[in-house]
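Right, one structure below, let's go through it.
Lettering of chains follows the sequences in order, A, B, ..., and the numbering in each one begins at 1. These numbers come from a predicted model, not from an experiment.
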2 protein chains.
Amino acid sequence: MNTLSDSASPLYEKVKDFVLGNIGSGKWARNSRLPSENELVSALGVSRMTVHRALRELTSEGHLRRIQGVGTFVAPPRPRSTLIEISNIITEIKTRGSRHRAEVVVLERIARPEPELLLAFEFETVKPVDHSVVIHFENDLPVQLEERYVNPNLVSGYIDQDFAAVATYDYLQNATPLTEVEHLISALPANAEQARLLNVRPGDCCLILHRKTWTGPVVATVNTFTYVGSRYSLGSRYLHGGK
Amino acid sequence: MNTLSDSASPLYEKVKDFVLGNIGSGKWARNSRLPSENELVSALGVSRMTVHRALRELTSEGHLRRIQGVGTFVAPPRPRSTLIEISNIITEIKTRGSRHRAEVVVLERIARPEPELLLAFEFETVKPVDHSVVIHFENDLPVQLEERYVNPNLVSGYIDQDFAAVATYDYLQNATPLTEVEHLISALPANAEQARLLNVRPGDCCLILHRKTWTGPVVATVNTFTYVGSRYSLGSRYLHGGK
DNA sequence: AAGTGGTCTAGACCACAAT
DNA sequence: TTGTGGTCTAGACCACTTA
């Protein structure tokens with residue numbers, strides 16, 4: 001006896017569809033127990049490995065929760081966290097078909113960093129910190145002010161690069177493996193220096209993106225990206241669920 | 001002959017570790033071909049199903065690329081897209097240990113929506129649109145102005161709810177399944193109405209989050225969340241790679 | 001024709017939880 | 001002890017690519 005559809009997809013996909021259908025229709029309520037693997041084997045006429053694969057994949061996709069020795073349950077409604085993807089400004093500008101240009105404003109090694117900067121790096125002892133400020137232009141209009149502080153212990157040769165030619169992003173990506181990233185997005189008025197570099201008036205709205213990255217337990221970079229509010233927006237389109 | 005580690009993890013995990021180790025050490029370069037499943041079976045002394053499961057999982061995790069009839073390859077370095085997670089404002093406020101309160105400013109059915117609103121909904125014919133404006137307070141300080149336009153064909157009874165008691169977010173989540181979400185984040189000065197409702201001065205920096213959601217091919221909701229720039233920031237911490 | 005990955009099975013043994 | 005999910009195998013057949 002086989003209650004699975006006849007289309008040409010693999011059996012385990014049909015089992016997944018069967019399960020999702022029963023959840024979607026409300027026949028199998030939230031947190032209720034599913035039939036056991038062996039019951040599904042009998043009911044659907046497929047092998048246990050096939051049922052098991054279907055249930056395992058549905059579990060890793062967040063639809064089910066399985067407890068060894070107990071059973072399989074319909075997972076509570078997913079948090080539906082919606083995500084914004086932050087990508088490379090250069091790629092983004094070029095994707096829009098615009099012309100990109102970068103201008104290096106500062107590229108230096110700071111021998112004695114301010115205490116608050118050391119704090120951001122979670123340094124235990126005073127170390128030099130590399131520092132860069134780059135302006136990114138889209139068709140000669142400044143859109144992003146990119147300020148980076150880099151841990152020279154993890155990234156060597158940072159201040160010897162020509163970041164008008166090489167993207168800081170690419171250089172860092174190859175220099176050290178990132179294991180963790182922290183973001184903070186806020187909206188603040190431009191200060192005098194930001195206004196001058198981005199060619200706006202002081203007090204104009206800016207979108208500020210703070211990004212801090214780690215390589216293992218060590219802070220690799222501390223970054224601040226300032227976007228002109230009226231010229232830029234972070235965007236994303238996200239597909240939910242997905243079968 | 002067995003070159004896998006001796007720890008107590010499942011065999012397929014050891015195979016995965018073996019593969020990841022060879023990639024991580026550079027022994028198997030980017031885009032290079034892995035040994036075939038049968039070769040790994042011989043080399044590692046496990047069954048083909050076990051090798052297959054390991055490679056399948058590594059593929060779905062983005063480490064490998066497989067082409068039927070051709071082979072298995074080390075995937076090119078991942079785009080390292082970094083993500084911001086947007087969560088429910090109410091949960092967020094409560095997580096911080098603050099007191100949340102919501103105030104309904106507008107709750108109405110718009111019989112004849114403006115053309116630009118219809119455009120956002122991609123409506124083919126003129127339909128009524130439900131509309132709500134809610135202010136969210138954190139300890140009696142307004143932090144978010146939430147404006148929603150809702151498709152009444154997908155969500156029934158929206159304008160009959162008491163959104164001071166029920167979160168619009170929760171109601172919508174249960175009313176219609178979201179299949180797609182689009183976000184746009186920008187920074188703009190507050191207009192007169194925003195300033196009045198959020199208790200700031202006109203022109204003050206605001207963080208604007210536009211969210212548009214779909215149920216299948218149909219636009220379900222069009223939302224604008226306005227945050228006071230000085231009182232709020234979107235944040236996230238994200239673990240990379242991770243095995 | 002030979003080699004690759006993709007699927008599927010029947011049966012086995014295990015760890016775990018409930019009874 | 002029974003039933004659950006977790007893993008593993010040997011062998012089979014298939015679809016696909018390359019030569």
B/S/- along nucleotides 13-19 of chain C (protein heavy atoms under 4.0 Å) is --BBS--

Check whether any side-chain nitrogen or oxygen of [X] sits under 4.0 Å from OP1 or OP2 of [N], and answer yes or no.
{"X": "Tyr12(B)", "N": "dC8(D)", "answer": "no"}
{"X": "Ser36(B)", "N": "dT4(C)", "answer": "yes"}
{"X": "Thr72(A)", "N": "dG5(D)", "answer": "yes"}
{"X": "Arg66(A)", "N": "dG6(D)", "answer": "yes"}

Just verifying a value: how many Å separate Leu154(A) CG and Leu172(A) CG, rounded to the nearest 0.5 Å?
10.5 Å

Find the distance between OG1 (Thr59(B)) and CZ (Phe73(B)) and round it off to the nearest 0.5 Å.
11.5 Å

Neighbours of DNA chain C within residues 50-58 of chain B, by heavy-atom distance under 4.0 Å
His52(B)

With distance as the sole test, does Thr213(A) use its side chain to make a donor-acceptor pair with the main-chain N or O of Thr221(A) at under 3.5 Å?
yes

Separation of dT9(D) atom P from Lys14(B) atom NZ, nearest Å, is 11 Å

Rounded interatomic separation in angstrom, taking CD from Glu39(A) and C1' from dT4(D):
10 Å

Please name the pair of heavy atoms, one in Val155(A) and one in Ala175(A), separated by the smallest distance, quoted to 0.1 Å.
CG1-CB, 3.7 Å

Could you check which of dT4(D), dT9(D), dT7(C) has an atom nearest any side-chain atom of Arg33(A)?
dT4(D)

Taking the six-membered ring where the residue is Trp, are the ring centres of Tyr158(B) and Tyr149(B) under 6.0 Å apart?
no

